[in-house]
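Below is one structure, written out as structure tokens, with a few remarks after it.
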Amino acid sequence: MPPPTRENGRLLIHEAYSSGIRFFDTAPAYGESEIVFGEAVAEKPDMLADISIATKMGEDWNPDLGVSWVSHSRDDLLRSINRSLDRLSRIDVLQLHKANPFNVTSSAVLSAFEHARKLGVKITGASVSDMETAALACQSGHYDLLQFPYNAIQPGFVDVFTMLRQKGMKAIINRPFAMGQLALQQNRHQSLIDAFSFVLGADFTGVVLTGTSSTIHLATNMAAFAEARRQCG
């Protein structure tokens with residue numbers, strides 16, 4: 001479905017914060033997401049004291065064409081970092097978007113991360129979609145965390161959890177509902193609980209991401225997550 005309007009997006013972010021959400025993940029490639037988040041924080045600056053703001057570099061958005069484009073050149077990465085800082089006011093977690101075996105330890109990427117650290121970024125990560133890149137990122141020693149999809153339909157990253165524990169790294173789990181495939185319309189609440197329970201069954205330190213487009217959707221997800229946590233102990 002299309003994203004919410006900018007006004008509704010700001011209201012959704014405020015509702016998420018009021019409901020206890022403290023980790024927010026965005027990216028330049030997500031349309032106006034960074035802009036809307038920056039506006040939401042500007043309206044409620046007290047949020048900044050106890051939230052973590054995560055964004056990415058490596059993929060950007062062309063508003064005229066309505067499509068994303070990918071570049072991992074040093075110049076484009078630096079421009080992306082600087083623009084994200086202008087929009088968000090702070091970056092706590094910076095991740096490499098569209099990470100692959102060729103760029104995850106490239107000189108351009110590592111130089112961009114060094115630039116980000118000088119600007120105050122403390123935590124670095126990579127958003128990965130294959131095991132080879134995940135292994136290279138873990139072995140490199142340059143990353144604090146990995147973001148990757150994990151769910152009952154896509155359990156292929158299960159071995160990543162072991163690598164993360166061995167390296168003292170954290171996980172950001174995305175697509176817990178497999179892009180909606182696990183959010184069944186019949187007995188929907190239980191299907192969400194089951195999806196979250198599968199993810200929480202893994203041994204990791206980190207967060208679970210769910211995209212949402214309305215306060216009702218947010219409340220539904222949070223209720224299911226709370227029940228899954230209770231059942232998983």
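For the salt bridge (Lys or Arg N to Asp or Glu O under 4.0 Å) condition, the pairs that include at least one residue of residues 17-29, sequence neighbours left out, are R22-D50, D25-K56. Applying the salt bridge (Lys or Arg N to Asp or Glu O under 4.0 Å) rule to pairs touching residues 107-126 yields E114-R117, sequence neighbours excluded. Annotation: salt bridge (Lys or Arg N to Asp or Glu O under 4.0 Å) contacts involving residues 196-224, sequence neighbours excluded, comprise R165-D203.
Of the inter-residue distances, the one linking L146 atom CG with F161 atom CZ reads 10.5 Å to the nearest 0.5 angstrom. To the nearest 0.5 Å, the span separating CD1 on I35 from CZ on R83 amounts to 9.0 Å. Taking NZ from K167 and CG from D144, the interatomic distance works out to 13.5 Å, rounded to the nearest 0.5 Å. Atom OG of S71 sits about 13.5 Å away from atom NZ of K98, to the nearest 0.5 Å. With rounding to the nearest 0.5 Å, the separation of CG in L11 from OG in S18 is 10.5 Å. With values rounded to the nearest 0.5 angstrom, M57 atom CE is found 8.5 Å from T124 atom OG1.
You'll find the ring centres of F113 and Y143 inside the 6.0 Å limit. Ring to ring, F157 and Y150 are not that close: their centroids are 6.0 angstrom or more apart.
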Next on the checklist: Quick one, I172 with Q95, criterion side-chain contact (heavy atoms from CB on, under 4.5 Å). Give me CA distance, side-chain angles, the key distance, then yes/no.
Outcome noted: CA-CA 11 Å; I172 298 179; Q95 302 156 84; 3.8 Å; yes
Item to check | Intermediate values then yes/no, side-chain contact (heavy atoms from CB on, under 4.5 Å), V109 and L77 | outcome: CA-CA 7 Å; V109 166; L77 294 174; 3.9 Å; yes
Checklist entry - Please walk me through it: do D194 and L182 pass side-chain contact (heavy atoms from CB on, under 4.5 Å)? => result CA-CA 9 Å; D194 293 343; L182 295 172; over 6 Å; no
Item to check | Residue pair D130, T133: steps toward the side chain to side chain donor-acceptor pair (under 3.5 Å) verdict | outcome: CA-CA 6 Å; D130 65 275; T133 305; 2.8 Å; yes
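Formation of a donor-acceptor pair under 3.5 Å by the S191 side chain with backbone atoms of R188 is found in this model. Between the side chain of N82 and the backbone N or O of L78 there is at least one donor-acceptor pair closer than 3.5 Å. Under the 3.5 Å distance criterion, the side-chain polar atoms of S140 are matched with a main-chain donor or acceptor of A137. Using a distance-only test at 3.5 Å, with no hydrogens or angles considered, a donor-acceptor pair links the side chain of H14 to the main chain of A40. The closest donor-acceptor contact from the side chain of Q181 to the backbone of A178 lies under 3.5 Å.
The heavy-atom pair separating P28 from S80 by the smallest distance is CG-OG, 3.6 Å. R74 and S111 get closest at one heavy-atom pair: NE-OG, 2.6 Å. Between F177 and T210, the shortest heavy-atom contact is CE1-CG2, 4.1 Å. Across N100 and F102, no two heavy atoms sit closer than the pair OD1-N, 2.8 Å. What you find for I81 and A112 is that their closest heavy atoms are CD1-O, 3.4 Å. Of all heavy-atom pairs spanning F23 and A54, the tightest one is CZ-CB, 3.7 Å.
Counting only heavy atoms from C-beta outward, the side chains of F24 and I53 never approach each other to under 4.5 Å. Residues L85 and V121 fail the side-chain proximity criterion, which asks for heavy atoms closer than 4.5 Å. Annotation: side chain of F204 is not in contact with side chain of L164 (no heavy-atom distance under 4.5 Å). Contact of the L96 side chain with the H72 side chain is registered, since non-hydrogen atoms from C-beta on lie closer than 4.5 Å. Contact annotation: the side chain of I173 approaches that of F148 to within less than 4.5 Å [non-hydrogen atoms, C-beta and beyond]. A heavy-atom distance below 4.5 Å is found between the side chains of L209 and Q147. T55 is not listed as a side-chain neighbour of R87, based on a closest heavy-atom distance of 4.5 Å or more.
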Could you pull out all donor-acceptor pairs under 3.5 Å where a side-chain atom in residues 213-223 meets a protein atom, sequence neighbours excluded?
residue: S214; atom: OG; partner: H217; partner atom: N; Å: 3.0
residue: H217; atom: ND1; partner: T212; partner atom: OG1; Å: 3.2
residue: T220; atom: OG1; partner: I216; partner atom: O; Å: 2.9

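Both V128 and M163 are members of a single hydrophobic cluster when ILVMFWY side chains are connected at heavy-atom separations under 4.5 Å. Each of L200 and I193 belongs to its own hydrophobic cluster when Ile, Leu, Val, Met, Phe, Trp and Tyr are linked at side-chain heavy-atom distances under 4.5 angstrom. A continuous path of Ile, Leu, Val, Met, Phe, Trp and Tyr side chains, each step under 4.5 Å between heavy atoms, connects V160 with V104, placing both in one hydrophobic cluster.
Not a single ring pair (Phe, Tyr, Trp, His ring centres under 6.0 Å) links H115 to another residue, sequence neighbours left out. T105 is linked by a side chain to side chain donor-acceptor pair (under 3.5 Å) to nothing, counting only residues two or more places apart in sequence or in another chain.
With R6 as the partner, the salt bridge (charged side-chain N to carboxylate O under 4.0 Å, His left out) test is satisfied by one option alone out of E34, E43, E39: E39. For the side chain to side chain contact (heavy atoms under 4.5 Å, CB included) test with I123, the passing option among L94, L145, D92 is L145; the others fail.
Counting non-hydrogen atoms of neighbouring residues, nucleotides and ligands closer than 6.0 angstrom, the CE atom of M131 exceeds 12 such neighbours. Counting non-hydrogen atoms of other residues, nucleotides and ligands closer than 6.0 Å to CZ of R175 gives a total of 12 or fewer.
Aromatic ring pairs are classed by plane angle as parallel below 30°, tilted from 30° to 60° and perpendicular above 60°; the pair F196 and F225 is perpendicular.
By the 4.0 Å N-to-carboxylate-O rule, E227 lies close enough to R230 to be salt-bridged with it.
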